[in-house]
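Worksheet: the structure to be examined is printed underneath.
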Amino acid sequence: MVTWQHIKNTNDVIPLEGVQEVEEASRDDDGVEQSSNKKKRGMREPSYVWGHFTKVTINSELKAKCNHCQAKLVASGHNGTSHLDRHLKKSCKAKGVPSVLDSLQKTLSVTRKDDGPSCIETREFDPIVARQKIATLVGKHELPLNFVEYEAFRDLMSYANPLVKNLSRNTLKSEIFKLYQAEKAKAMALLENNDSRVAITTDMWTASNQKKWYMVVTGHFVDKSWRLQSRILRFIYLPASHTAEFLSEAFFKCMLDWNVDRRISVVTLDNCSTNDAIVDRLMGLISVDSMLMGGNFFHMRCVTHILNLIVKDEMKVIEEWIKKIRDSVAYWTGTPKRVETFEMAARQLQVKCEKKLVLDCVTRWNSTYVMLDVAVKYKIVFSRLQQRDKHYTSLPTDEEWEMAEKMLEYLLPFYSMTELFSGTQYPTSNLFFPMICEMRINLDEWDLSNVHVVREMTGQMIMKFDKYWAQIHGILVMAVILDPRFKIQLVNYYFPQLYGEGAANEIQRVRNLSNDLVKFYEVKSGNVSDAVVGEFSSADVCFNFNLGTGRKFFDIRKFEAFASQNSETIVSKSDLERYLEEPLIKSTSNFDILNWWKVNQGKYPILAQMAKDILAIPVTAVASESTFSTGGRVLTPHRSRLHPTTLEALMCTQHWLWVNSKGKILESEIFNGEEFVDEDESGPQALEYFF
């Protein structure tokens, strides 16, 4: 027979069908409830305090040692336990020690385990755990610190459990800092237990509500299970001095704190002179011996930032052609009534477009692309509304609509490439080289267009493209070679189109670079071959673009046909040579390069370690920039007085909590409002466009 006394004093799990039996056991034959606290004469229940004290002997005297603050009190039998109870309630220096009621309070909860029947089990209420969960709630969901002081919240908590003690904002802040330290320890342990290098991205942000500068530092790596990981390392407040010396020292201190200063593969930064100076100073602070290939791969320029520089200025060429479209969008999004009128007209004309009109930001070309892409789908709606609204006077002409559609066609590759490179759920370093080669080749084709505006725009883009991409980062060529779909064959495929007669020399430079990189890893692993590791220079890791011939965007079928006709046979000597002599694998839409290396790491151990380090390198600083979106929501005009250390704790803790709550422990899903927004969903779609 199961009784309520059993439930109170044990953690037994009771099937639901036993509840009726329990209820009947608590009544006598006349239906009168019996007390479950009756004690048998001569029997005494042990005091609750011994759950918080341990008996120890000191100098032949029995003492009671507090499990919370380590205080030692007398424990002889004739002294009783009242003084121990008073210590727990009033004197114990350890905060949050449960009281008598807290220790005895248990609740019933219904659970279902392993798809079995529902069961009732007892669970003690722990106020310490309750505070931790409230801190997690506030930190994870960007709630204000005074949330715990809301009257409605306190009423809710009091209703859920009368024993819950109200928290103040200061107590909550203390709990958040404890949570921050605990989550930071987890992130540091993950990095310390990983044997691969860490790629770093960093960017700076001005908090408009505080007029303060912050720098976010993010680490990227492939863990032991071959999963791509990202962790925010610091969200650093920067005083007024933003010199390269100060910024480099703040960055270096962060690397020392996280113990990754000797494990950095590359640092990805925006393309500007200040960042160049920061990298130069870092090269003097960090040991060159610990750097990849002597530091020649240390600095990576953000690809999306450079693409923005290339395209943004050239958008001025088409300003006069898209002015009326921008004015039309501004007019019909100006008031709620106009928006409603526009949407009603679109439904009447049965326009199959679920996207809403959006006005662009003139400093961001990709927002102009999105504006044009949506506007051209509603072209007929604009025409109809001109007949109904005499105040609407900016209807674009047919020629202007046609030019907008032409511009969308030419800007689509840049837009898709930006989306592809901005992904954080998948490696991007192996996608860079084929995309950038195709873009350079296509610019030559566009330069032959019969549309004057297109030729004018393309000519300026080629000049800037050659300026910014005169030197291609050699590590990204290696990333392509480590992709079993491409290997060295992709270099053989593109270089004749880019270099013409000089292609053979450039291909040989790539082979030399790959051999030197393998030897570098062999030295680090202790598996040194007879060959001597060569000297590394910046010229060995960069490749200049020359003009090529026009062609359509990357056609994987053409490349595979080329590769099948130009396969190589190599006498096996090293990991690299054995890897290159294997045939290319078939390219599929769901190919997972990290999983492929996970399966084949035993076959190519040296190359697998290289793949871990190189494939973790992001070609953009988007992962760091996206943190500022969260910062803008945390640092609202009504919360502009947050101390920088509190802001850093909130930002980092929120990131770590969301990362750890997802099964794959990935950073890319960023909390936005009331739901997750997967910013990488566009990545595979962009990939389909290219392939």
Side-chain angles (χ1 to χ4, degrees), residues 300-301 303 306-307 310 413-414 416-417 420-421 427-448 458 461-462 465-515 517 539-568 570 576 579-580 583-587 591 593 614-615 617 619 686-691:
M300 173 84 72
R301 288 175 170 81
V303 171
I306 293 179
L307 286 176
I310 293 173
F414 286 98
S416 299
M417 190 184 300
L420 180 67
F421 291 155
T428 55
S429 56
N430 59 313
L431 304 176
F432 172 85
F433 187 72
M435 299 301 100
I436 213 66
C437 288
E438 284 291 342
M439 180 56 68
R440 181 60 184 85
I441 292 172
N442 274 264
L443 283 177
D444 295 322
E445 179 180 330
W446 300 345
D447 197 34
L448 302 176
T458 304
M461 291 175 71
I462 288 177
F465 196 100
D466 290 343
K467 172 186 175 182
Y468 289 118
W469 298 112
Q471 292 186 326
I472 297 301
H473 212 292
I475 199 72
L476 300 177
V477 182
M478 282 304 307
V480 169
I481 294 177
L482 291 172
D483 192 323
R485 297 170 297 176
F486 303 136
K487 299 184 181 180
I488 194 68
Q489 292 287 11
L490 193 70
V491 178
N492 296 337
Y493 177 69
Y494 275 120
F495 275 23
Q497 302 175 59
L498 294 171
Y499 295 105
E501 295 180 356
N505 292 333
E506 298 300 329
I507 292 173
Q508 186 57 46
R509 291 175 63 194
V510 172
R511 290 183 178 276
N512 293 341
L513 171 63
S514 60
N515 288 329
L517 192 58
D540 293 330
V541 297
C542 302
F543 305 95
N544 296 321
F545 270 141
N546 289 335
L547 296 180
T549 57
R551 50 176 282 107
K552 295 182 180 180
F553 230 78
F554 187 42
D555 189 335
I556 189 67
R557 291 180 296 274
K558 289 186 178 180
F559 165 70
E560 289 176 345
F562 168 85
S564 64
Q565 298 173 6
N566 295 271
S567 59
E568 301 182 22
I570 305 174
L576 177 63
Y579 166 75
L580 292 178
L584 301 179
I585 70 169
K586 185 71 175 178
S587 179
F591 174 72
I593 187 172
I614 295 175
L615 295 177
I617 296 174
V619 298
L687 194 61
E688 290 178 2
Y689 166 78
F690 285 108
F691 289 89

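We use all heavy atoms of the structure for the numbers below, so side chains are in, but hydrogens, waters and symmetry mates are not.
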What is the distance from atom [atom1] of [X] to atom [atom2] of [Y], rounded to the nearest 0.5 Å?
{"X": "F495", "Y": "E506", "atom1": "CZ", "atom2": "CD", "value": "6.5 Å"}
{"X": "W446", "Y": "I462", "atom1": "CH2", "atom2": "CD1", "value": "10.0 Å"}
{"X": "Y494", "Y": "E438", "atom1": "OH", "atom2": "CD", "value": "3.0 Å"}
{"X": "I614", "Y": "S429", "atom1": "CD1", "atom2": "OG", "value": "7.5 Å"}

Intermediate values then yes/no, side-chain contact (heavy atoms from CB on, under 4.5 Å), K586 and F591: CA-CA 9 Å; K586 185 71 175 178; F591 174 72; over 6 Å; no
Do [X] and [Y] have side-chain heavy atoms sitting under 4.5 Å apart?
{"X": "M461", "Y": "F414", "result": "yes"}
{"X": "M300", "Y": "L476", "result": "yes"}
{"X": "L576", "Y": "L517", "result": "no"}
{"X": "F486", "Y": "S587", "result": "no"}
{"X": "P484", "Y": "I593", "result": "yes"}

Contacts of D483 that satisfy side chain to side chain donor-acceptor pair (under 3.5 Å) - sequence neighbours left out: N430, R485
Kindly give the heavy-atom pair with the smallest separation between T458 and D447, and that separation in Å. CG2-N, 3.6 Å
I need the minimum non-hydrogen distance between M417 and M435, along with the two atoms involved.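 What the structure gives for the nearest pair is CE-O, 3.6 Å.
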Quick one: side chain to side chain contact (heavy atoms under 4.5 Å, CB included) partners of Q508, sequence neighbours excluded? R511, N512
Results of side chain to side chain contact (heavy atoms under 4.5 Å, CB included) for T428 - residues two or more places apart only: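 Partners of T428 by the side chain to side chain contact (heavy atoms under 4.5 Å, CB included) criterion, ordered by chain and then number, come out as Y426, V619.
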Using side-chain contact (heavy atoms from CB on, under 4.5 Å), reason through Q489 and L580 one step at a time and then give a plain yes or no. CA-CA 9 Å; Q489 292 287 11; L580 292 178; over 6 Å; no
Donor-acceptor contact below 3.5 Å, side chain E445 vs main chain I441: no
Given V510, which of I481, V480, N492 fulfils the side chain to side chain contact (heavy atoms under 4.5 Å, CB included) condition? I481
Ring-plane angle category for F421 and F432, please: parallel below 30°, perpendicular beyond 60°, tilted otherwise. tilted
